[in-house]
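Residue numbers count from 1 along this sequence.
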Amino acid sequence: MLSISPVPSFSITSVKYLRSPSSSSFISVFPKLSRFVTATSATPNSTPETTTTRVNNAGLKLDETVSVSKGKIRLDSWISSRVDGVSRARVQSSIRQGLVSVNGHVIDKVSHNVKAGDEVHCTISKLQPLRAEPEDIPLDIVYEDQHVLVVNKPPHMVVHPAPGNPNGTLVNGILHHCSLPCVATYSNQEDDDDSDEEETFSDDEGMIRPGIVHRLDKGTSGLLVVAKDEHSHAHLAEQFKLHTIERVYISLTTGVPSPSQGRIDVPIGRDSNNRIRMAAIPGSLSRGRARHAASRYKVVETLAGGGSALVEWRLETGRTHQIRAHAKYMGVPLLGDEVYGGTKSMALSLLQRRVSRSDQEEIIELVSRMDRPCLHAIVLGFEHPCTGEIIKFSCPPPPDLAEIVGLLRRSGRDKVTTKLYFYFT
């Protein structure tokens, strides 16, 4: 049974900064989105000072006795479940560097099994530096001052350098935009994610680099905030930690979520059958297999006679692939998300029999061209780290998403009479 609870209707109030739609085509395709036009702001009575000390967990020690209900468990998996904020890849690196011992013996094999009663000592290794070069990459800057930068990330752009993506990333472009020198950056994630986990803001020599406070998947488009100084990074990181950042996403799903709005509170952990994929795993918190994850969703519009839906998502937590994993758990994976089940064949099987004959060829062409999950970070709001002002930003979906929504909207054979809950009105 799905762990989904209905929630009352909720709405965005006003937006401080709006990336206005650049053409009438956007307004015609997303008429509800185009109503983000009221501009107001709110400033707290007082600006709290932050005393957050950020660390990258290097040197963090774990001394514990394994306690498992039955059988054995992999050493890297067990350590990952006991240390918060450290990726499994970094745990594995610590093991390979000889920083982990079991019952007094150094273990350098990540797949070593431990059992109840084993004494484990672990020291987390340093983040491994990756050299990032400034690159003249066009950036869609939504807002910028001397402290923060808000960017509209296009689909297919990786946020930060990683072993498989050493250049062409958002960080490379920001280094050039901010006229910063070549710097050492660090990657402590197994893949690109939409996560609240922090990264160090400077390298071991104190060299400043762009502060990536949160990340978006390579295929996800939309808003992302970057800190330009260490104080701003610490302040924003604390807001993410306290879940006070406002983040709203829109997506296209294969099928329509039922009920039409609700809250999914299901832990997310690494999929044991596919290491590049996450999975919603009910009841896994008590077993240390996953981390708490909660998402609120609402059907904004039913499309193509029920073959798809435009869905709004609000995140209470920031786990890797959270929306994608929760959508799959609900049985409505995101359209275009091949990793989580929203395959082209599945989408076409739902859409072809629900659209008019005249549109079927175009539907096939658009779905076949869709090479990313249909997910866009449309709203981002936070307290400015220096002024204390509450600022919000919005930007329209990119052309690939707008085009397919427009076609699905006009091509449904039947009018949808189900009552919809539009937060855009």
Side-chain angles (χ1 to χ4, degrees), residues 21-34 154-156 217-222 249-261 277 297-313 321 323-378 396-424:
S22 58
S23 68
S24 60
S25 62
F26 167 77
I27 297 176
S28 64
V29 174
F30 291 94
K32 305 301 179 182
L33 298 183
S34 66
H156 309 300
D217 289 346
K218 178 180 179 180
T220 303
S221 57
Y249 296 75
I250 58 168
S251 72
L252 279 179
T253 56
T254 50
V256 181
S258 179
S260 61
Q261 62 177 343
R277 187 171 65 194
Y297 75 91
K298 178 165 56 178
V299 175
V300 175
E301 186 174 359
T302 299
L303 301 167
S308 182
L310 186 64
V311 180
E312 168 210 321
W313 300 84
H321 300 174
I323 291 174
R324 298 165 66 186
H326 275 167
K328 176 180 172 62
Y329 173 77
M330 293 174 64
V332 286
L334 305 189
L335 194 153
D337 196 347
E338 298 282 336
V339 174
Y340 285 86
T343 62
K344 294 178 175 63
S345 59
M346 179 182 181
L348 290 174
S349 67
L350 288 170
L351 296 173
Q352 280 185 285
R353 65 177 182 268
R354 290 180 168 89
V355 302
S356 59
R357 287 185 178 275
S358 60
D359 289 324
Q360 286 189 3
E361 186 174 336
E362 191 174 358
I363 285 285
I364 293 173
E365 180 184 354
L366 283 181
V367 171
S368 299
R369 286 207 321 253
M370 184 57 65
D371 57 355
R372 69 171 182 108
C374 289
L375 182 62
H376 177 71
I378 192 169
D400 63 341
L401 184 52
E403 185 178 13
I404 195 166
V405 168
L407 178 60
L408 293 177
R409 175 176 289 134
R410 75 166 188 262
S411 63
R413 287 175 175 170
D414 302 314
K415 294 287 185 180
V416 179
T417 58
T418 305
K419 181 180 179 181
L420 302 178
Y421 298 86
F422 292 109
Y423 81 88
F424 300 103

- Message: L310 vs L252, test: side chain to side chain contact (heavy atoms under 4.5 Å, CB included). Steps then yes/no.
- Response: CA-CA 5 Å; L310 186 64; L252 279 179; 4.3 Å; yes

- Message: Would I363 and L408 count as a side chain to side chain contact (heavy atoms under 4.5 Å, CB included) here? Give the steps.
- Response: CA-CA 8 Å; I363 285 285; L408 293 177; 3.5 Å; yes

Non-hydrogen atoms of [X] and [Y] that approach each other most closely:
X: A304; Y: V355; result: CB-CG1, 4.1 Å
X: P397; Y: L401; result: CB-CD2, 3.7 Å
X: S308; Y: V256; result: O-CG2, 3.6 Å
X: L407; Y: R410; result: CD1-NH2, 3.2 Å
X: T220; Y: A377; result: CG2-N, 4.5 Å

- Message: Please enumerate all residues that pass salt bridge (charged side-chain N to carboxylate O under 4.0 Å, His left out) together with K328, with sequence neighbours excluded.
- Response: none

Give, for atom [atom1] of [X] and atom [atom2] of [Y], the distance between the pair rounded to the nearest 0.5 Å.
X: Q352; Y: R357; atom1: CD; atom2: CZ; value: 11.0 Å
X: M370; Y: E403; atom1: CE; atom2: CD; value: 8.0 Å
X: L366; Y: L348; atom1: CG; atom2: CG; value: 10.5 Å
X: K344; Y: I364; atom1: NZ; atom2: CD1; value: 13.5 Å
X: T343; Y: L335; atom1: OG1; atom2: CG; value: 9.5 Å

- side chain to side chain contact (heavy atoms under 4.5 Å, CB included) evaluation trace for I404 with R369: CA-CA 10 Å; I404 195 166; R369 286 207 321 253; over 6 Å; no

- Task: Check the pair L334 / Y340 against side chain to side chain contact (heavy atoms under 4.5 Å, CB included), numbers first and verdict last.
- Result: CA-CA 8 Å; L334 305 189; Y340 285 86; over 6 Å; no

Would you say the side chain of [Y] lies within less than 4.5 Å of the side chain of [X], judging by non-hydrogen atoms?
X: E312; Y: I378; answer: no
X: D217; Y: P373; answer: no
X: L351; Y: L303; answer: no
X: R372; Y: P398; answer: yes
X: V311; Y: P257; answer: yes

- Would you please classify the geometry between the Y297 ring and the W313 ring as parallel, tilted or perpendicular, with 30° and 60° separating the classes? tilted

- Message: Quick check against the 3.5 Å criterion: does S221 have a side-chain atom that pairs as donor or acceptor with the backbone of H376?
- Response: no

